[in-house]
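Data first, discussion second: the structure below is written as structure tokens.
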Amino acid sequence: MSSTDTLTPSQTSTNAQVLDATTHANIHDKLARALGIKTAQVNAFVKLYDEGATVPFIARYRKEKTQNLDDAQLRALEKSLNYERDMATRRLKITELLSTQGNLNDELQKRIDNATSKLELEDIYLPYRPRRRSPAAKARAAGLDVAAQAVLTQEVTPTDALADYQVQSSITDDSGNEIEVDFSDITKQLAGVQAIIVDEWTQALALLDNLRSGFAKTASIVSAVASEEKREVGEKFKDYFEHSESLARLPNHRLLAMLRGRQENVLGLKIEGEDAPFIEKIIKHFELDTKAPDARQEFLTEAATSLWKDKWRPHIEHRLLTEKRLTAEADAIDVFANNLQHLLMSAPAGRKVILGVDPGIRHGVKMAIVDAQGHVMLDNEDKPVVATVYPFAPDNKMDEAKKVIDELLSTYNVDLVAIGNGTASRETDAMIKEILAANSELQAKSVIVNESGASVYSASELASDELANLDVSVRGAVSIARRLQDPLSELVKVDPKAIGVGQYQHDVNQTQLADSLDKVTQDSVNAVGVDVNTASPAILAHIAGLNKNVAQQIVTYRKEHGAFDSRESLKNVPRLGAKTFEQAAGFLRIHGGSNPLDATGVHPESYALVDSLLAQTGQALPEIIGNDGVLNTIDTTALAANDDNISVSAIIEELAKPARDPRPEFKTANFREDVNSIKDLAEGMQLEGVVTNVTAFGCFVDVGVHQDGLVHISQMANDFVADPMNRVKPGDIVSVRVISIDEKRGRIGFSMKPESEKPARPAAKAAESIGNDEKVSRPRSDNANSNRPNSSRPATDKRPSKPRGNRPDKDNANSNRSKAPKADKAEAPSKMGTLGALLQEAGVTKTKK
């Protein structure tokens, strides 16, 4: 299902109000069938949703009502509900318009009712859309409709049909406005008659469906360089300079690459396909071969040709391309959302003292220390503990830098050193390790941290507010340290587009993208919960029921009145009303407050139920929280949930493991100290790395050489891998073997297969035939505005698998994505290098015209 726009909750509510009960019931039944759930579950969700309940709240605290639908199911239900309501509203509007025009009939009504997409609905209405200035409308206004009907229904030549036509001195449209037209000679009159006939034939929607289906199966998309001068500036699109492939089998990522090339005026795109078979179908449908006399038949055949070439084929090409684009955009958004979710939910280092390091060469290595709560530490003079050293060229003050860092690590008992993975990261990491090795009293460990977007945060208004006393250049070091400590709390401060896990993010519907990423962020934040007394406005804004304004009100109130002592005191915050409190309270934690339940995931509405549980045990609340032994002895048969909101067993489970963090255990990859750049790599080398991105054609792995290498889908496992996302996730630590190196292009190929799975005939280097369409590495960058693609499909995506492949250019702040498209014929093995052989082995190679 593809959507051309995204509705706000208010728009959705408005649409719901104009639909009758029968329509609502039909929508609910349809959603239940599509999602494989019960209609009662849909009904329960819709009721809560329309009352203003958020998905995280429903998933956590209304499980009984929805019969345990999880957040993923609820999000799918929410998206489908909004789409179907929007469809139903538009369906109703089109029905009303056709009825008013007098064009509505049973066949049209059936087509409208059976339409499955907005594009299809608009196609049905298109022939009836008023066009007062179209050639056919002008011809009708000029009185040529009589002659047109004569040609259609009588055995008369077109010229004879116009014998009695009188040219009008003044012509007006159906609104009474005078229009300028010229039908003074027979040629123009014949053209007007033909325009009316073609316009009438466009209402043969069943024929149009048949032609569209046939054309879709045989059409090809062809791309070519726009002009010779674009060859050099558009080098990243060179694999599309002479490219042709089936439109029906075109992979999503490749279409987006072509569309971007066209947007940048590097590529020209066109759809190629036959005309004759489809014109013949039109002639057969309207039985034009039987028309007499010959002049009439020839005239109508010309009209059939015009209908196809001038009307239907351009329309079909546009619709097919639009459908493919919408599907590709939806897939790209799903990829981004899925990767973002795994990044946000990556393991936190926890309450550690961390030295954040923002590496650099000319401008020095910036450093800042944050305490266990994430605050910048202060020295004896209440000044922030920050420093800048210049160990590398041109200053080369290595000894001085080591002395400063050693003193920082020793003085402030640093547990971890978080080193940004930008320029000079490996050199900085090596320096830190030398310092740690030289001083046995130091217990710190260095960790490379993805710094994508840190510079964006540093210059943001939020950073200015949080770190007002720090220079912009040092704020990045603080952000890097906090990312290691608690990735979720820090990454929500950065626009997801700057984090570096998206694909073609600037090419997709920005409203849909923002909505999808916001939902992922909201689900992640609420899954973990936040400490209301330390949380930033950025993370509070994603709590269920809250928005930026209320989040800021909470922080402002906290600053003015001190830490919140209880959830109940949140009701004193301006703009935080009863409904907002209901939605948000369970996800807001208060540690060390007056009520121990405020530090758990138990919702305040269930506190009375907990009191009933306590009465059975005869023990105080602090004694039973986390005490499985006591909790398991409670008899729950006599206790009922509050209005079936949440089960007693769920409350007991929460008390047993209060505020359990769903994120994985923190661990780090061990990069080889002798491998710091692509020059240090050798084929066959075994390395440990971190998965940075998952795509439809494999995954990218960081092994500490400033650019990520590609593990192609064919090299991920011995068995068949249908979807890489089912095998690895961003943040996973994996072992890889180097199988190809292209230092000139900065590309690395990895394999996760055992050594025995190497190709039988390795080549010395990757063949030149493997161009941008099979890129295998990702140069690092912290430019949030760069354009870098990637591709993958989330594990929750239930659509049929599509052809896999990579992209030719950059789309986000942290990567050059790869691509390995399918082709009808593989190149000869003798012309392929190691990577080429692997791609051929997987049935993947570059398509050439």
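Reckoned from all heavy atoms, side chains included, excluding hydrogens, waters and symmetry mates.
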Taking atom types as modelled, find out whether Asp113 and Gln109 have a side-chain donor-acceptor pair closer than 3.5 angstrom. yes
How long is the span from the NE2 atom in His253 to the CE atom in Met258, to the nearest 0.5 Å? 9.0 Å
State the NE2-CH2 distance between His285 and Trp201, to the nearest 0.5 angstrom. 10.0 Å
Quickly, which of Leu255, Val222, Thr218, Ile221 forms a side-chain contact (heavy atoms from CB on, under 4.5 Å) with Leu247? Name it, please. Ile221
Got a donor-acceptor contact below 3.5 angstrom from the Glu120 side chain to the Thr116 backbone? yes
Are any of the side-chain nitrogens in Glu329 or Arg325 under 4.0 Å away from the carboxylate oxygens of its partner? yes
Would you find a donor on one side and an acceptor on the other, under 3.5 Å apart, between the side chain of Ser80 and the backbone of Ala76? yes
Is there side-chain contact between Glu200 and Leu152, with at least one heavy-atom pair below 4.5 Å? yes
Any residue meeting salt bridge (charged side-chain N to carboxylate O under 4.0 Å, His left out) with Arg111, in chain and number order, not counting sequence neighbours: Asp209
Just by modelled atom types, is the Ser220 backbone N or O under 3.5 Å from a matching donor or acceptor in the Glu272 side chain? no
Basic-acidic side-chain contact under 4.0 Å: Lys519, Asp515: yes
Sub-3.5 Å donor-acceptor pair from the side chain of Gln297 to the main-chain atoms of Ala292, do we have one? no
Answer yes or no: is there a side-chain heavy-atom contact under 4.5 Å between Arg133 and Lys138? yes
Are a donor atom and an acceptor atom from the side chains of Ser184 and Asp182 found within less than 3.5 Å of each other? yes
Between Thr153 and Gln149 (side chain of the first, backbone of the second, donor and acceptor by atom type, cut-off under 3.5 Å), is there such a pair? yes
Indicate whether the side chain of Lys497 and that of Gln510 have a donor and an acceptor atom separated by less than 3.5 Å. yes
Please work out which of the three classes, parallel, tilted or perpendicular, describes the rings of Phe45 and Tyr49, given edges at 30° and 60°. parallel
Looking only at side chains, do Thr23 and Asp20 share a donor and an acceptor under 3.5 Å apart? yes
Roughly how far apart are Glu96 CD and Leu104 CG, rounded to 0.5 Å? 11.0 Å
Is it true that Glu287 and Lys291 have a side-chain N and a carboxylate O under 4.0 angstrom from each other? no
Look at atom CG of Asp106 and say whether more than 12 heavy atoms of other residues, nucleotides or ligands are closer to it than 6.0 Å. no
Presence of salt bridge, Glu264 and Lys236, under 4.0 angstrom: yes
With a cut-off of 6.0 Å (strictly less than), are more than 12 heavy atoms of other residues, nucleotides or ligands near CG of Asp185? yes
Are any of the side-chain nitrogens in Lys110 or Glu107 under 4.0 Å away from the carboxylate oxygens of its partner? no
Roughly how far apart are Glu317 CD and Leu269 CG, rounded to 0.5 Å? 11.5 Å
In this structure, are over 12 heavy atoms from other groups packed under 6.0 Å from Gln263 atom CD? no
Is the Phe215 ring parallel, tilted or perpendicular to the Trp308 ring (thresholds 30°, 60°)? perpendicular
Considering only heavy atoms from C-beta outward, does the side chain of Leu208 approach that of Ile316 to under 4.5 Å? yes
How many angstroms lie between CD in Glu78 and CG in Leu81, if you round to the nearest 0.5 Å? 8.5 Å
For the CD atom on Gln203, are there more than 12 heavy atoms of other groups (residues, nucleotides or ligands in this structure) within a distance under 6.0 Å? yes
Mind checking whether Thr202 and Leu126 have side chains closer than 4.5 Å, heavy atoms only? no
Val151 and Ala161: which non-hydrogen atoms are nearest, and at how many Å? CG2-CB, 3.8 Å
In this structure, CD1 of Ile713 is separated from CG of Asp723 (nearest 0.5 Å) by 7.0 Å
Do the side chain of Arg231 and the main chain of Phe241 share a donor and acceptor less than 3.5 angstrom apart? no
